[in-house]
Amino acid sequence: MTAGNDWPLWEVFIRAREGLSHKHVGSLHACDAEMALQHARDVYTRRREGESIWVVQSTDIVASAPADRESLFDPADAKIYRHPTFYEVPDEVECL
Amino acid sequence: MTAAAQREALFEYLLRLGDNCLILGHRLSEWCGKGPVLEEDIALSNIALDLVGQSTLWLDLAATVEGAGRDADALAFKRDVLDWRNFLLVEQPNGDFAHTIVRQFLFDCFHVELLQALTKSTNQEIANIAAKAIKEAVYHRRHSGQWVIRLGDGTEESRARAQAALEQLWGYTKELFDGDAIDEMMMQAGIAIDPGDFHENWRDAVTAVLSEATLTVPEATWSIGGGKKGVHSEHLGFLLAEMQFLPRAYPDAKW
């Protein structure tokens, strides 16, 4: 199975249920957007995993560089006050 | 008409529905592990499983109607060639990928029309199975139709292969719409409609996709049928030999 090597790579995002957000589930090869959608349906929703699919060509995704990890993310380590953990959640609040 | 004759006709009709699905499903399953790319391998296997699943529903119902103590497995695995009622189209060998896709597309367009009609059947069980199956069939048609467009409007080679497949398979499509005495009885009972009634719709749907694919609708210079009456091409025997081998060689096998 090598014929698909000249097909672009697509990233697949599935929304499991109404109200949830689309989650990245994997990638696949397809010749164009419509076939990417169909392949995503066939490869990633065989067990009723979702009810909505997004596909995005992998080259269209802009990613942060691993080399930038320290400067981008380490500074957040020292900001514990950004976590909303310094107050009591009333018992009546059910959605948290 | 006697109730027995009516029941026998319904049994025959259900066999046709079930056999088309099972034989085509088996043909597609032959691609499993050999698909041109992983994604398409899974797609073809999914469609194969859909069709085998549908055949189980039809053959279950056929067995119940027959009332002779056979079940769907007995109908699937213990009937010889002459007792099969599928169209010649669906038993034709896979050939290349274009051939498989064109065969699938010609059938899928028919299948959607047929199931649409059967959802209005006076037989509630048939209507229920059709309502479940049509969701799958609509997707099958989308899948094969999109491939026909890409193969036809693709490279010189893919176009030539798709056109060749059309020429080789076109003559088998007439049988899909040729009504006979069984169809007539089903029609009278409100169970099904004359398949000739949706020949025009089928042609329009097929033609629309073929023209988008820059493929040519073949001239109907030849046609052959007989599958739905049990007169098959030589290919079906080999298919059954493989499909039925295990339950025939090991009748009590379980897994």
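First the proteins, then the strands, lettered A, B, ... as listed; each starts at 1.
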Any heavy-atom pair between the side chains of [Y] and [X] that's under 4.5 Å?
{"X": "D32(A)", "Y": "Q146(B)", "value": "no"}
{"X": "H39(A)", "Y": "L38(B)", "value": "no"}
{"X": "E39(B)", "Y": "M35(A)", "value": "no"}

Neighbour count above 12 (heavy atom, 6.0 Å) for [X] [atom1]:
{"X": "E49(A)", "atom1": "CD", "answer": "yes"}
{"X": "I61(A)", "atom1": "CD1", "answer": "yes"}
{"X": "E212(B)", "atom1": "CD", "answer": "no"}
{"X": "K135(B)", "atom1": "NZ", "answer": "no"}
{"X": "Q116(B)", "atom1": "CD", "answer": "yes"}

message: Quick check: closest heavy atoms across N46(B) and D42(A), and the distance to 0.1 Å?
response: ND2-O, 3.1 Å
- request: Against chain A, label I47(B) side chain, backbone, both or neither, depending on which of its atoms sit under 4.5 Å from a heavy atom there.
  value: neither
message: Check E34(A) with R150(B), please: is the shortest side-chain N to carboxylate O separation under 4.0 Å?
response: no
